Amino acid sequence: MSQTVNEAKFISFEGTEGVGKTTAINSLCQRLTDAGIEYVQTREPGGSPFAEQLRELLLDTKTDITDDTEMLLMFAARSDHLAKVILPALEAGKWVICDRFVDSTVAYQGYGRGFGNSVMLQKIEGLISQFVPRLPDLTLWLDLPVAEGMQRAGKRSAADRFEQQKMAFFERVYQGFSEQYQAHPQRIQRIDAQGEAEEVAARVWQAVAQKL
Ligand code: TMP
């Protein structure tokens, strides 16, 4: 893959808990480094200093907020992240590799919290159209059965405010990703996240090379 200044790509990774996003992202970034492509590796919620402060609040188990407040804070963090990190990087010709983006809000706040209710989904769609001037060129949805991901995630550190949710919540989140994938087949690609990390990394690289 060769790159000219105007070809910088924006790639997001999505999925429920424990699907192996971090490993897959690190592996893609290594491939980009090897290919001589400049990139910024970032995440949501977070990615800019202020958005990282919001992340701390959003993940803190002591935080007690309404579903609307949570959703709005996700967009507040995203707005700062876009302005300070994502858009400047793309303008400078750097690829942006982002761990989660708008599809997580649809899945977690729209389906997890909002049960796929059309009022919540419309609020989110409205905020996306008003405050998200650039969507990813490619979104990789790492698809793994929820129970398997939970088992993997459970082996890591103490659960944050989202990880504390019950299985039914994550089944709805999964449904959210699945429906987003069906609604945006041009942008979102499904990656089978089962198997060894190297196999998943190879699938990710194939999808990136094919699409971009
Ligand atoms: P992470 O564990 O993948 O870093 O993500 C932090 C948590 O934030 C994860 O449980 C998903 C959640 N989240 C949302 O609920 N809505 C969003 O818009 C984003 C970006 C993340």
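Ligands are counted one by one from 1 in listed order, and the atoms in each one are counted from 1 as well. In what follows, residues are counted from 1 in the order of the sequence shown. As the structure is a computational prediction, the values presented were derived from the model and not from experiment.
Scanning the protein for heavy atoms near atom 1 (P) of ligand 1, the closest one is Arg100 NE, 3.6 Å. Nearest protein heavy-atom contact of atom 16 (N) of ligand 1 is Gln109 OE1, 2.8 Å. Atom 18 (O) of ligand 1 has Thr105 OG1, 2.6 Å as its closest protein atom, hydrogens excluded (heavy atom only). For atom 14 (C) of ligand 1, the closest non-hydrogen atom on the protein side is Met74 CE, 3.3 Å.
Phe177 has its ring centre no less than 6.0 Å from the ring centre of Tyr111.
For residues 176-187, the set of pairs meeting the salt bridge (charged side-chain N to carboxylate O under 4.0 Å, His left out) definition, not counting sequence neighbours, comprises Asp103-Arg187. Pairs of residues two or more places apart, or lying in two chains, that qualify as salt bridge (charged side-chain N to carboxylate O under 4.0 Å, His left out) and include a residue from residues 40-52 are Arg43-Glu52, Glu44-Arg78.
With a heavy-atom cut-off of 4.0 Å, Glu44 touches ligand 1 through backbone and side chain alike. The proximity of Glu70 to ligand 1, defined as any non-hydrogen pair under 4.0 Å, does not occur for either the backbone or the side chain. Of all the heavy atoms of Lys21, the ones lying under 4.0 Å from any atom of ligand 1 belong exclusively to the side chain. Residue contacts with ligand 1 for Leu58 are absent, since no atom lies close enough (heavy atoms, distance under 4.0 Å). Contacts between Arg78 and ligand 1, counted as non-hydrogen atom pairs separated by less than 4.0 Å, involve the side chain only.
Judged by distance alone, the side chains of Gln182 and Ser178 do bring a donor and an acceptor atom under 3.5 Å apart. In this model, no donor atom of one side chain and acceptor atom of the other lie less than 3.5 Å apart for Asp143 and Tyr181. Looking at Asp160 and Gln164, their side chains never bring a donor and an acceptor atom within 3.5 Å of each other. Side chain to side chain, Asp99 and Gln41 fail the donor-acceptor criterion of an N or O pair below 3.5 Å.
Annotation: cation-pi geometry satisfied between Arg172 and Phe115 (NZ/CZ under 6.0 angstrom from ring centroid, within 45° of ring axis).
Here Asp137 does not pair with Lys211 in a salt bridge; the nearest charged N to carboxylate O distance is not below 4.0 Å. Between Glu91 and Arg134 there is no salt bridge, since no side-chain N of the basic residue sits under 4.0 Å from a carboxylate O of the acidic one.
Counting only non-hydrogen atoms, the option in Ser104, Gly46, Ala77 that gets closest to atom 19 (C) of ligand 1 is Ser104. Taking each of Glu163, Arg55, Glu14 in turn, the one with a heavy atom nearest to atom 4 (O) of ligand 1 proves to be Arg55.
Any N or O atom pair closer than 3.5 Å counts here, and Asp160 shares no such pair with ligand 1.
When each atom of ligand 1 is checked for a heavy atom of Pro45 under 4.0 Å away, the hits are 8 (O), 19 (C), 20 (C), 21 (C). Close approach to Glu17 involves these atoms of ligand 1, each under 4.0 Å from a residue heavy atom: 9 (C), 10 (O).
Under a 4.0 angstrom heavy-atom cut-off, Arg43 registers as lying outside contact with ligand 1.
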